[in-house]
Amino acid sequence: MTSEQITNTGSVMANHGSIQTPAQTQLRQNGSSNGGPSERKCDLRWRPAMLHPASLRVLLPWLTSIIGIASALCLVIAWFPSTVWNTPIVSSDAPAHYYFIRRLLDEGLGAALHLWPHNSFYPPLFHVCAYFVIKIAALFGVQCSIYAAFNITWIIASGVIFPSGMLVLCRYFLQRWNRGNPIPRISQASSTPESSSVSESSNVSNQQVSSAVNRQYNATFDATFVLQNLIGLFVPVLAVSSVCHPYGLLNAGPLIAFGFATSLLPFLIAATLRLFDAIAAREHIVKWLVITAVAGVVCLVAHPRIAFTYALILVPFIVLRLPWKLILGAFIAMCVGAVAFVALMLTSFKSDRWANPASWFHSHQPSKNLWESISFCFTDGLDGFPAILFALLLIAGTVAAFVCAFRRAAVRSSDSLSAAVSTVAPAFSADADALVSDAAVSLVSASDLPTASCSDAADVSLSAPSEPSRPRRNDRLRDVIALTAAFLLVTLVYVCTVTLVGALPNIISSPWYRDENRIMTMLPLVALPLLVIGVNALSECVSVCAASASFVPSASSFSAKNSASSVPSLSSASAVSSVKNVSFASNWIGPIAAFLVIAILAVSAQIVCPSRTAARDAIIAHSSLNQSNPNEQLTEQKITVLRKVMERTGTQATIISDPLNGSMYAETLFNASMLYPIINARTDVPSVPFGKVETAFASGDGQQVLGTVCPLTDAPEYFLTMGDQAQSLQSFPYRAQYDSFHNEELIDAYVDGGTLVKVADYSQYGQGWALYRFGCAD
């Protein structure tokens with residue numbers, strides 16, 4: 001081939017996706033050989049294409065991750081109620097969490113293993129983190145209250161840890177979906193003796209189109225890479241868009257420890273799946289086993305009950321991705337854990353209804369009908385238009401993912417068959433090889449390129465090396481099946497909890513206390529990864545349709561031009577132009593459409609969010625001191641009375657009162673020493689005073705009361721009355737144990753007998769409110 005022929009036809013070079021003329025190529029070669037100024041000028045000139053592999057591919061994932069997580073954090077902070085920075089959340093579990101932080105401050109980190117008032121274990125990780133927030137603030141001279149430390153810890157867990165974990169988990173599935181997708185190359189025609197009969201001009205044309213096809217595959221890889229990062233940009237935002245988590249648990253209880261464990265769980269799931277990959281590849285097993293074990297311990301320290309959520313989501317992956325021996329071992333471990341859980345429940349909670357599962361959770365009432373509960377799962381707890389869009393994307397994306405996964409399996413089966421045939425069939429003749437070498441690019445462009453996106457370019461590449469047998473497992477199909485199964489399992493548990501009644505629903509939902517709020521937290525863990533995989537598959541399908549539509553005219557023109565020549569050859573300019581058109585259509589239409597849809601979903605979920613707004617309003621109402629009912633847990637009057645009580649008793653004296661009247665908040669508001677700092681101090685635990693004091697006080701025997709109360713501490717003991725129990729705590733199942741503490745006739749009898757001595761009257765704030773001192777010898 002002469003230089004004149006090259007000049008006339010042009011040379012297409014696949015150097016960083018750029019097209020250069022022969023003059024430019026020759027100039028660069030001369031500069032390189034002579035070491036002259038031309039080389040230095042080229043080196044000094046900024047070339048963005050040269051920075052693409054080294055910088056963009058490294059910086060873009062980090063950049064999108066930071067932007068996405070920062071956006072999620074801003075959304076959480078913007079949502080967070082401002083009223084709870086100075087006053088506590090007035091709810092059932094809130095006093096316990098405040099008390100646990102107070103106890104760590106008073107006794108140090110050694111109290112982390114026995115936070116309960118009766119010194120038994122409670123998962124301490126959230127409270128330890130709040131403790132460190134206070135201590136770190138103190139190093140900078142900032143006094144951080146218990147409520148502020150509580151809030152900061154919740155915001156970090158919900159606005160940073162959880163969206164980061166969901167991003168790690170979703171990117172894991174995206175990487176597996178596009179795994180084995182390197183930048184393939186279409187082999188150029190080589191000058192062999194068998195192909196010497198083909199004209200040089202035909203070879204040039206084929207080389208040009210081959211280079212253009214290579215750039216098309218480069219564009220495929222780039223489009224996939226960009227799509228992964230664009231989806232990753234919105235995953236943290238979507239993770240904190242649903243009321244399912246983290247907002248629901250702050251309002252329900254708040255269930256802080258379980259919510260903290262849920263925020264950590266995506267990291268544990270991702271580490272476990274990496275461990276499964278290591279087992280399949282038989283490499284780095286110890287590394288990922290250690291990482292998984294550490295993540296598991298951290299989650300269990302946050303809340304051990306998160307193990308049920310973890311097991312429920314991992315069951316499909318265990319079945320589909322582990323060898324049968326490990327599957328058997330995993331299920332044996334689950335059975336052992338279930339037996340241990342049943343034994344713990346039987347020994348910890350005494351009940352005569354254990355043998356009748358239908359009578360469990362007898363006070364539970366269904367909150368949704370069947371359609372409402374199912375639709376809630378498919379919408380991930382979103383509202384209005386975002387809910388509809390989420391459900392449509394979830395369903396359509398799941399279908400598309402199955403289609404793409406099956407197509408990839410079919411392509412791999414075809415490749416395996418072709419490889420088997422090629423080992424048996426003899427080589428074609430020289431003339432046949434020459435014809436095939438000319439027609440190869442046309443065949444690839446006409447049939448393979450439009451379907452490359454959906455069937456994995458690496459699988460249909462003419463020169464892609466054959467993969468080892470182990471990595472060629474159909475990961476796409478396994479992941480789609482496992483994610484779908486996990487989503488359906490979570491949906492089943494949710495429907496059993498909020499809709500169905502009877503023995504079987506009670507058994508299925510019992511690990512989560514048949515509590516809707518705990519089970520809601522599982523939905524984003526399975527719905528978001530399934531949505532991400534689905535959107536990626538939809539993007540591929542859109543690209544296939546766009547490429548197919550754009551390629552039809554090009555294929556026709558190729559055929560017309562080739563028919564005029566005795567030797568099959570392609571017009572290089574037309575071929576390159578057509579491949580460029582197919583490249584844009586088949587690689588960028590899908591990602592652009594996916595980006596727009598995900599962006600619309602993420603933005604609209606922040607605009608239409610009545611469920612999150614309702615949760616925020618409920619927390620504001622719970623933290624307000626302006627209550628219509630004067631007997632609520634905390635009011636302006638009760639805050640005033642508790643402050644006056646502390647001015648009189650000090651922080652060392654023990655104060656006994658019905659915790660359900662709000663007196664327990666004096667522990668964290670004013671550092672009081674309340675005998676009942678939380679609503680459930682557990683009277684069934686041996687060697688603790690709570691049950692003994694309640695029994696003695698209800699007996700009506702003054703001597704028994706003094707004999708039980710006076711030995712509690714060396715400091716004075718007081719008794720405080722502040723009215724009846726709060727209406728918001730009427731669901732507490734053990735509230736009757738405190739009835740004697742607000743029995744006015746019993747209290748008057750103790751006053752008449754000298755067991756109690758009134759030291760302060762607060763009747764101006766509420767009827768019967770007063771502070772008494774026990775008539776001990778001290």
Side-chain angles (χ1 to χ4, degrees), residues 68 71-72 75-76 79 158-159 162-163 165-167 169-170 173 231-252 259 262-263 265-266 269 309 312-313 367-368 370-399 401 480 483-495 497-499 512 516-536 538 594 597-615:
S71 301
L75 291 174
V76 170
W79 174 89
S158 303
F162 180 62
M166 290 304 302
L167 181 59
L169 184 61
C170 291
F173 286 110
I231 293 178
L233 180 67
F234 292 106
V235 164
V237 174
L238 290 174
V240 298
S241 296
S242 171
V243 73
C244 295
H245 187 71
Y247 311 104
L249 293 186
L250 185 62
N251 181 35
T262 302
S263 297
L265 186 57
I269 295 175
T309 301
L312 182 70
I313 295 175
S367 59
K368 294 182 177 71
L370 184 60
W371 166 249
E372 290 173 340
S373 59
I374 294 177
S375 61
F376 186 89
C377 294
F378 277 85
T379 60
D380 194 32
L382 297 174
D383 305 288
F385 170 76
I388 297 174
L389 182 58
F390 189 97
L392 291 176
L393 287 176
L394 186 67
I395 296 172
T398 303
V399 173
V480 174
L483 278 173
T484 304
F487 176 79
L488 294 178
L489 286 175
V490 171
T491 301
L492 173 65
V493 176
Y494 184 81
V495 171
T497 301
V498 303
T499 301
W512 297 271
E516 177 180 358
N517 299 287
R518 286 186 174 92
I519 297 172
M520 283 167 53
T521 61
M522 294 190 285
L523 286 173
L525 297 173
V526 291
L528 269 184
L530 190 57
L531 177 76
V532 166
I533 292 297
V535 169
N536 199 79
L538 284 174
V597 171
I598 292 293
I600 292 172
L601 175 61
V603 173
S604 61
Q606 318 313 319
I607 299 173
V608 183
C609 49
S611 296
R612 278 187 292 156
T613 303

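Model, not experiment: these values are computed from the prediction.
Counting all heavy atoms, side chain and backbone alike, Ser373 lies closest to Thr499 at OG-OG1, 3.1 Å. Closest of all the heavy-atom pairs between Gly68 and Val237 is O-CG2, 4.2 Å. Taking all atoms of both residues into account, the shortest heavy-atom contact from Leu167 to Gly232 is CD1-O, 3.3 Å. Nearest heavy atom pair, residue Leu249 against residue Arg518, reads CD2-N, 4.2 Å. Scanning both residues, Glu516 and Thr497, for their nearest heavy atoms gives N-CG2, 3.9 Å.
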Throw together a table of side-chain donor-acceptor distances under 3.5 angstrom for residues 377-386, partners on residues two or more places apart or in other chains.
from   : atom 1 : to     : atom 2 : distance (Å)
Thr379 : OG1    : Ser375 : O      : 2.8
Thr379 : OG1    : Phe376 : O      : 3.2
Asp383 : OD1    : Ser611 : OG     : 2.6
Asp383 : OD2    : Ser611 : N      : 3.2
Asp383 : OD2    : Ser611 : OG     : 3.1

Acceptor/donor pairs from residues 387-398 side chains to any protein atom, 3.5 angstrom cut, sequence neighbours excluded:
from   : atom 1 : to     : atom 2 : distance (Å)
Thr398 : OG1    : Leu394 : O      : 2.6

Donor-acceptor pairs under 3.5 Å, side chain of residues 528-536 to any protein atom, not counting sequence neighbours: which ones?
none

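At least one donor-acceptor pair closer than 3.5 Å links the side chain of Ser263 to the backbone N or O of Gly259. Side chain of Arg612 to main chain of Tyr247: no donor-acceptor pair is present (N/O by atom type, distance under 3.5 Å, no hydrogens or angles).
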Legend entry - Evaluation steps, side chain to side chain contact (heavy atoms under 4.5 Å, CB included), between Leu492 and Leu488: CA-CA 6 Å; Leu492 173 65; Leu488 294 178; over 6 Å; no

Legend entry - side chain to side chain contact (heavy atoms under 4.5 Å, CB included) assessment of Val490 paired with Leu523: CA-CA 7 Å; Val490 171; Leu523 286 173; 3.7 Å; yes

Legend entry - Trp512 vs Thr309, side-chain hydrogen bond (donor to acceptor under 3.5 Å, both in side chains): CA-CA, chis, key distance, verdict: CA-CA 9 Å; Trp512 297 271; Thr309 301; 3.0 Å; yes

Legend entry - Derivation of the side chain to side chain contact (heavy atoms under 4.5 Å, CB included) call for Tyr494 and Lys368: CA-CA 10 Å; Tyr494 184 81; Lys368 294 182 177 71; 3.1 Å; yes

Inset, instruction - Let me see the working for Leu489 and Val493 under side chain to side chain contact (heavy atoms under 4.5 Å, CB included), right down to the final yes or no. - result: CA-CA 6 Å; Leu489 286 175; Val493 176; 5.7 Å; no

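Rounding to the nearest 0.5 Å gives a distance of 8.5 Å between OG of Ser367 and CD of Glu372. The CD1 atom of Ile598 sits 8.0 Å away from the CZ atom of Phe234 when rounded to the nearest 0.5 Å. To the nearest 0.5 Å, the span separating CD1 on Ile313 from CG on Leu525 amounts to 4.5 Å. Rounded to the nearest 0.5 Å, atoms CG (Leu250) and NE2 (His245) are 10.5 Å apart. Distance OG1/Thr521 to CG/Leu265: 8.5 Å, rounded to 0.5 Å. Rounding to the nearest 0.5 Å gives a distance of 4.5 Å between CG of Leu75 and CD of Gln606.
Residues Phe162 and Pro236 fail the side-chain proximity criterion, which asks for heavy atoms closer than 4.5 Å. Counting only heavy atoms from C-beta outward, the side chains of Leu238 and Met166 never approach each other to under 4.5 Å.
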